[in-house]
Amino acid sequence: MNNKIISRIISVAVLCSMMTYTIPVLAYTKDETVYTKLDKNGNKYQTIVSTHIENEGKQETIRDVSDLINIENTNGEEEYIQNENSLEWKAQGSDIYYQGESSKELPITCKVKYELDGKEISSEEILGKSGRVKITLEYINNEERTVNINGKSEKMYVPFVVATGTIIDNSKNTNIEVSNGKIVNDGSKTIVMGLALPGMQESLGISKNDIELPSKIEITMDTIDFEQNNIATYVTPKILEESDLEVFDKLDEIYKKVNILQTSSKALVEGTNTLKTGTEEYNKKNKEFNSAMGQIATGVTTVNKNYKKIDTGISSLSTGSKELKTGVETLDKGITGLSTALNSLPSNANALYTGSQTLEEGINGKTGLIAGVKSLETTLETVLTTSIGILTSNNTVINNEISQLKSEESELKSQINTLKGLVDSLPGDDKQALNKTIKQLETRRNGINSRITVLTKQEKTNEAVISKIQPTKESQAQLKALNEGMDKISTGVKTLKTGLEKLNISAKQLPTNLTKLEKGSSKLVKGTKTLSSGASTLDKGASKLKTGMNSLDKNTQKLSKASNELTKASGTISEGAKTLSSGMNKFNNEGIQTICNYINGDVKNITKKAEKLQDLANEYNNFTMLKDGNKGDVKFIMIIDAIKHQEEKDKGKEDAVLNTDTSNNDKKDK
């Protein structure tokens with residue numbers, strides 16, 4: 001054999017290999033392989049059908065139907081009786097292999113067009129030419145059906161997969177390319193394989209602007225002295241297996257997710273509108289808080305200044321109580337010398353009693369020292385409680401906003417991931433629009449995270465201020481000591497008044513009550529000691545309270561400054577919330593709703609059509625005829641004639657190689 005014959009044998013081998021890896025092995029009762037020879041322009045001129053009947057039940061007789069002519073047994077001696085289209089084979093338990101000729105039109109036809117350097121040229125003229133060659137193999141699906149899709153009648157085609165292959169000599173051809181296919185170059189030759197799906201574009205109703213499903217194969221090359229080997233085409237209606245349809249069950253889950261996405265997007269729109277309203281109210285209340293904080297800062301400063309006067313008075317009280325204690329002790333010692341002054345004692349005792357009343361009023365009266373200290377303590381406690389309450393309330397608002405923002409950030413993140421999962425399934429323009437939408441969502445998400453950082457920082461600042469102005473155990477102990485000291489002063493003054501009252505009475509009865517005077521003097525000494533001790537404690541507590549008031553004044557000023565900054569920030573938040581609300585409404589209307597409508601519309605429709613295609617493929621199970629109750633499978637092999645410089649003898653050998661009845665041809669060659 002020469003190299004030309006070898007290349008043709010390789011072509012047939014490639015075709016057989018393609019069949020081996022393409023056709024699933026199934027057990028059918030009747031298996032047809034339709035071999036058709038086409039001329040160089042794709043016109044059919046001979047069709048031979050090879051049939052295999054698998055005798056699963058080992059029957060003695062097999063009844064078959066066929067519209068073939070010139071039927072002959074190709075693998076055995078079994079005989080048959082023919083009555084028009086009915087065949088009765090004497091199988092004797094064996095499988096039957098037979099072939100015959102057919103003049104029927106093929107379900108897939110082919111048109112071949114040749115171009116040289118961009119201009120169309122005939123198959124006769126292109127032989128031996130040089131230049132840039134393009135061979136276009138256009139496949140036409142002739143099996144149109146009317147089907148019902150979602151209650152509507154639509155035209156669809158039986159789904160055929162067309163696989164085409166040929167071998168190209170590298171010594172005369174370079175820069176070999178194929179559309180929707182693959183090439184394999186071993187150095188001396190290039191094997192070209194292409195794939196087409198004629199009628200699929202129309203069946204699925206998909207616009208070519210979205211995606212183009214090929215119905216033709218284009219082979220291009222730079223050539224010198226152009227020749228063409230046989231082009232072999234394999235056609236099968238088995239585009240999908242039953243297991244492939246499981247993917248459509250998974251689409252139901254996607255539809256559910258789309259509905260969730262649609263609902264969530266609407267909820268997010270409502271949430272951003274609520275956020276907008278809330279931030280506007282928050283900004284308004286924050287301004288009110290800032291105004292109140294300014295008043296508090298002014299009030300604390302005023303209290304601090306006035307307390308300095310109180311502190312001076314408490315120091316004087318402490319010093320005076322010590323002097324009083326010394327005086328009373330001196331008085332007690334001088335009781336024995338009172339006898340010389342008995343005549344003037346009643347009037348002096350009365351004056352002393354009157355003075356004790358004044359002293360008690362100064363200490364226990366409505367506007368006295370104790371009332372003043374209590375009022376100061378109450379005012380201070382109110383200021384601190386109010387400040388802490390305002391800061392705590394502010395932190396509650398901030399914390400709620402942070403929680404809401406985190407929820408929104410999580411929702412945005414989920415939407416972004418969902419949309420990213422849809423990007424690859426979309427065509428160019430929609431993919432670009434969706435990527436733009438995803439970028440906008442990520443920008444909003446970054447803005448929310450930045451806002452969360454600002455709010456978290458402000459929350460920590462408020463907590464720090466609360467910690468500083470929160471009453472400590474030490475300050476509470478000081479206040480307790482101050483109150484106890486004031487109580488002791490009050491008790492001491494009352495005791496002093498009582499003693500002086502008795503002294504006044506006793507002075508009038510001095511001659512007879514000197515003994516009572518001595519006892520009263522002793523109580524007076526004890527009372528002044530208590531007064532001196534309480535005043536000393538009050539003085540120490542007042543000193544610490546003064547330090548606390550100074551600290552409160554400074555921290556209140558800081559809090560007022562922070563409140564001013566917070567007011568500015570809340571204005572920024574309010575503007576941001578408005579922008580977010582506007583953007584979210586646009587995103588929902590122009591992005592999410594568009595995507596959901598597309599998936600719930602076009603994608604669902606394509607799913608139904610894909611399932612219907614499988615039904616059409618299953619129904620197309622024979623080319624000739626099939627007896628009711630039997631299973632069938634059919635495939636087509638088409639061989640396009642070569643364009644060669646060759647003698648008639650070589651051409652005869654080529655025909656022998658490509659003839660389906662290879663055993664008979666081998667006998668003839670011998």
Side-chain angles (χ1 to χ4, degrees), residues 42 106-115 118-120 134-150 152-164 177-183 192-220 231 233-240 244-245 247-248 251 254 258 419 422-437 590-591 594-617 620:
L106 298 175
I108 297 293
T109 52
C110 177
K111 291 182 180 179
V112 185
K113 182 175 72 171
Y114 302 89
E115 295 176 68
K119 295 182 179 180
E120 188 171 353
K134 177 163 64 170
I135 305 170
T136 301
L137 306 168
E138 183 177 3
Y139 297 95
I140 297 94
N141 192 327
N142 302 313
E143 296 298 323
E144 182 182 291
R145 303 285 189 270
T146 299
V147 297
N148 185 290
I149 302 292
N150 295 325
K152 294 173 58 179
S153 294
E154 296 190 22
K155 290 184 178 181
M156 296 183 71
Y157 293 87
V158 174
F160 288 98
V161 177
V162 177
T164 295
E177 298 177 355
V178 62
S179 64
N180 38 281
K182 295 290 184 181
I183 61 175
V192 177
M193 303 292 292
L195 187 70
L197 300 168
M200 188 64 68
Q201 190 92 46
E202 295 79 3
S203 293
L204 294 179
I206 300 175
S207 171
K208 290 185 178 181
N209 294 328
D210 295 332
I211 184 173
E212 185 170 0
L213 300 175
S215 61
K216 61 184 179 181
I217 298 170
E218 295 177 347
I219 303 172
T220 56
I231 299 176
T233 298
Y234 175 78
V235 181
T236 175
K238 299 303 180 183
I239 188 170
L240 293 173
D244 295 328
L245 294 177
V247 68
F248 299 122
L251 283 177
I254 295 178
V258 166
L419 292 178
L422 296 175
V423 168
D424 292 336
S425 65
L426 295 178
D429 291 341
D430 291 343
K431 182 182 293 182
Q432 184 178 1
L434 186 57
N435 281 326
K436 183 177 180 182
T437 300
E590 299 180 10
T594 299
I595 293 172
C596 292
N597 292 339
Y598 173 75
I599 292 178
N600 285 325
D602 294 347
V603 175
K604 279 188 176 180
N605 194 42
I606 291 175
T607 301
K608 293 293 184 183
K609 289 184 176 181
E611 293 172 346
K612 182 59 69 175
L613 285 175
Q614 180 62 28
D615 294 339
L616 294 178
Y620 195 92

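- Using a 4.5 Å heavy-atom threshold, the side chains of R145 and V158 count as touching.
- Not counting sequence neighbours, the partners of K155 by the salt bridge (charged side-chain N to carboxylate O under 4.0 Å, His left out) test are E144.
- Residues N209 and D429 are not in side-chain contact: their nearest non-hydrogen atoms beyond the backbone lie 4.5 Å or more apart.
- You'll find the side chain of K609 stays beyond 4.5 Å of the side chain of S203, heavy atoms only.
- Scanning both residues, L616 and Y157, for their nearest heavy atoms gives CD1-O, 3.8 Å.
- Rounding to the nearest 0.5 Å places CD1 of I108 at 10.5 Å from OG1 of T233.
- Note that NZ of K608 and NZ of K152 are 14.5 Å apart. Values are rounded to the nearest 0.5 Å.
- For the pair E218 and T136, the tightest heavy-atom approach, listed with the atom from each and the gap, is CG-OG1, 3.9 Å.
- Taken from NZ in K182 to CE in M193, the straight-line distance is 12.5 Å, to the nearest 0.5 Å.
- Annotation for L613 and M200: closest pair CD1-SD, 3.4 Å, computed over non-hydrogen atoms.
- Of the possible donor and acceptor atoms, one in the side chain of Q201 sits under 3.5 Å from a partner among the backbone N and O of I211.
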How far apart are the C-alpha atoms of V112 and I135, what are their side-chain angles, what is the distance that settles it, and do they pass the side-chain contact (heavy atoms from CB on, under 4.5 Å) test?
CA-CA 7 Å; V112 185; I135 305 170; 4.1 Å; yes
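- How far OG1 of T146 is from CE of M156: 11.0 Å, rounded to the nearest 0.5 Å.
- In this structure, CG in L434 is found 6.5 Å from CG in L422, a value given to the nearest 0.5 Å.
- In terms of heavy atoms, V162 sits closest to T164 at CG1-OG1, 3.9 Å.
- The pair K612-E154 does not meet the salt-bridge criterion, since no charged nitrogen lies less than 4.0 angstrom from a carboxylate oxygen.
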Yes or no on ring pair (Phe, Tyr, Trp, His ring centres under 6.0 Å) for Y139 and F160, after CA distance, side-chain angles and deciding distance?
CA-CA 10 Å; Y139 297 95; F160 288 98; over 10 Å; no
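- In this structure, T437 and L419 approach most closely via the heavy-atom pair CG2-CD1, 4.4 Å.
- By the 6.0 Å contact criterion, NZ on K436 is open, its count of non-hydrogen atoms from other residues, nucleotides or ligands being 12 or less.
- Annotation: salt bridge (charged side-chain N to carboxylate O under 4.0 Å, His left out) contacts of E177 (sequence neighbours excluded): R132.
- The minimum heavy-atom distance linking N141 with P198 is given by the pair ND2-O, 3.1 Å.
- Remark: I140 CD1 to C110 SG distance equals 7.0 Å, nearest 0.5 Å.
- Annotation: side chain of V161 is in contact with side chain of L197 (closest heavy-atom distance under 4.5 Å).
- The salt bridge (charged side-chain N to carboxylate O under 4.0 Å, His left out) test applied to K134 returns E115, not counting sequence neighbours.
- Between I217 and L195 there is no side-chain heavy-atom pair separated by less than 4.5 Å.
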